[in-house]
Amino acid sequence: MADLSPVDRILAAIRAIPRGEVAGYGHVARRAGLPGRARMVARVLRDNTDPKLPWHRVLRSDGHIAFPPDSEGFAEQTQRLRAEGVDVRDGRVRISDSVKDLDGDLDAALWRPR
DNA sequence: GCGTTGACTCCGT
DNA sequence: GACGGAGCCAACG
């Protein structure tokens, strides 16, 4: 990976998240070569306008959705995740059995909520 | 160049 | 599991 700017690497890391899986801000940042820059990931997502970007697969380290429960983005993120087979309960993400099966190989690249 | 801000994380309670 | 406080870092005015 080369001379891409931090922002581009963050976007690439987010796009690399497979459908039906989720990743944490810190995990995305680390994957982008920016350990500890979770806050930068958050800013990139806020500024991002690319409809192709699976931003809804990015969650906080706790598995909680980063938006306030009464927010618009919260509702949309929940709906998108459910559409991909991710079980969302009370603003928290839970992994379905089918996804749980794949988890072994993806451990290096993906993170799953407890 | 400084102070504020934030879709964060870690740790203790 | 939920809450509060401290730390970090880049963007913005």
Side-chain angles (χ1 to χ4, degrees):
Chain A
M1 301 285 235
D3 311 323
L4 293 176
S5 47
V7 174
D8 287 328
R9 287 188 297 201
I10 290 172
L11 292 175
I14 295 173
R15 291 196 198 96
I17 304 172
R19 178 181 171 283
E21 279 286 338
V22 294
Y25 285 88
H27 205 127
V28 169
R30 199 130 62 100
R31 223 177 123 89
L34 302 165
R37 307 294 182 274
R39 223 155 190 167
M40 187 175 174
V41 176
R43 203 191 65 78
V44 169
L45 260 60
R46 193 194 62 163
D47 289 348
N48 164 67
T49 53
D50 186 353
K52 190 72 168 65
L53 191 74
W55 57 268
H56 53 276
R57 294 178 191 149
V58 184
L59 309 168
R60 296 200 334 201
S61 61
D62 288 355
H64 262 124
I65 293 187
F67 287 109
D70 58 338
S71 174
E72 193 85 19
F74 176 92
E76 184 175 351
Q77 183 166 18
T78 301
Q79 191 174 4
R80 282 173 179 250
L81 287 174
R82 283 181 181 156
E84 294 187 353
V86 180
D87 186 18
V88 185
R89 302 210 31 144
D90 293 323
R92 171 168 291 188
V93 171
R94 201 150 275 280
I95 298 298
S96 327
D97 297 337
S98 53
V99 176
K100 206 186 291 182
D101 253 356
L102 310 171
D103 143 64
D105 286 345
L106 295 173
D107 180 62
L110 295 174
W111 157 94
R112 60 192 182 91
R114 343 180 175 138

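First the proteins, then the strands, lettered A, B, ... as listed; each starts at 1. Side chains are part of it too, since the values below use all heavy atoms of this structure and drop only hydrogens, waters and symmetry mates.
Of the residues in residues 45-60 of chain A, those lying under 4.0 Å from DNA chain B by heavy-atom distance are Leu45(A), Arg46(A), Trp55(A), Arg60(A). Within residues 62-80 of chain A, the residues that place at least one heavy atom under 4.0 Å from DNA chain B are, in residue-number order, Ala66(A), Phe67(A).
Checking the phosphate oxygens (OP1, OP2) of dC8(C), no side-chain nitrogen or oxygen of Arg43(A) falls inside 4.0 Å. For the pair Ser61(A) and dT9(B), the criterion of a side-chain N or O lying under 4.0 Å from OP1 or OP2 is met.
Asn48(A) is linked by a side-chain hydrogen bond (donor to acceptor under 3.5 Å, both in side chains) to nothing, counting only residues two or more places apart in sequence or in another chain.
The nearest whole Å value for the distance from the CD1 atom in Ile10(A) to the P atom in dC8(B) is 14 Å. Between the CZ atom of Arg37(A) and the P atom of dT9(B) there is a distance of 14 Å, given to the nearest Å. The distance between atom CZ of Arg39(A) and atom C1' of dT4(B), rounded to the nearest whole Å, is 11 Å.
Annotation: side chain of Ile65(A) is in contact with side chain of Leu59(A) (closest heavy-atom distance under 4.5 Å). Contact check for Leu45(A) versus Ile14(A): side-chain heavy atoms found under the 4.5 Å cut-off. No side-chain heavy atom of Val22(A) sits under 4.5 Å from any side-chain heavy atom of His56(A). Val41(A) has its side chain out of reach of Leu34(A): every pair of non-hydrogen atoms, C-beta onward, lies at least 4.5 Å apart. Within the 4.5 Å cutoff, the side chain of Gln77(A) has no heavy atoms near those of the Val88(A) side chain.
Residue Asp90(A) is the one, among Met40(A) and Asp90(A), whose nearest nucleotide of DNA chain C lies closer to the 5' end (criterion: closest heavy atom).
Listed candidates were dC8(B), dC9(C), dG1(C). Nearest to the side chain of Arg94(A) is dG1(C).
Between the side chain of Arg82(A) and the main chain of Arg80(A), no donor-acceptor pair closer than 3.5 Å is present. A distance-only check finds no donor-acceptor pair linking the side chain of Asp90(A) to the backbone of Arg92(A) [under 3.5 Å].
The residue Gly36(A) sits apart from the nucleic acid: no heavy atom pair falls under 4.0 Å.
In the displayed structure, Glu76(A) atom CD is contacted under 6.0 Å by more than 12 heavy atoms of other residues, nucleotides or ligands.
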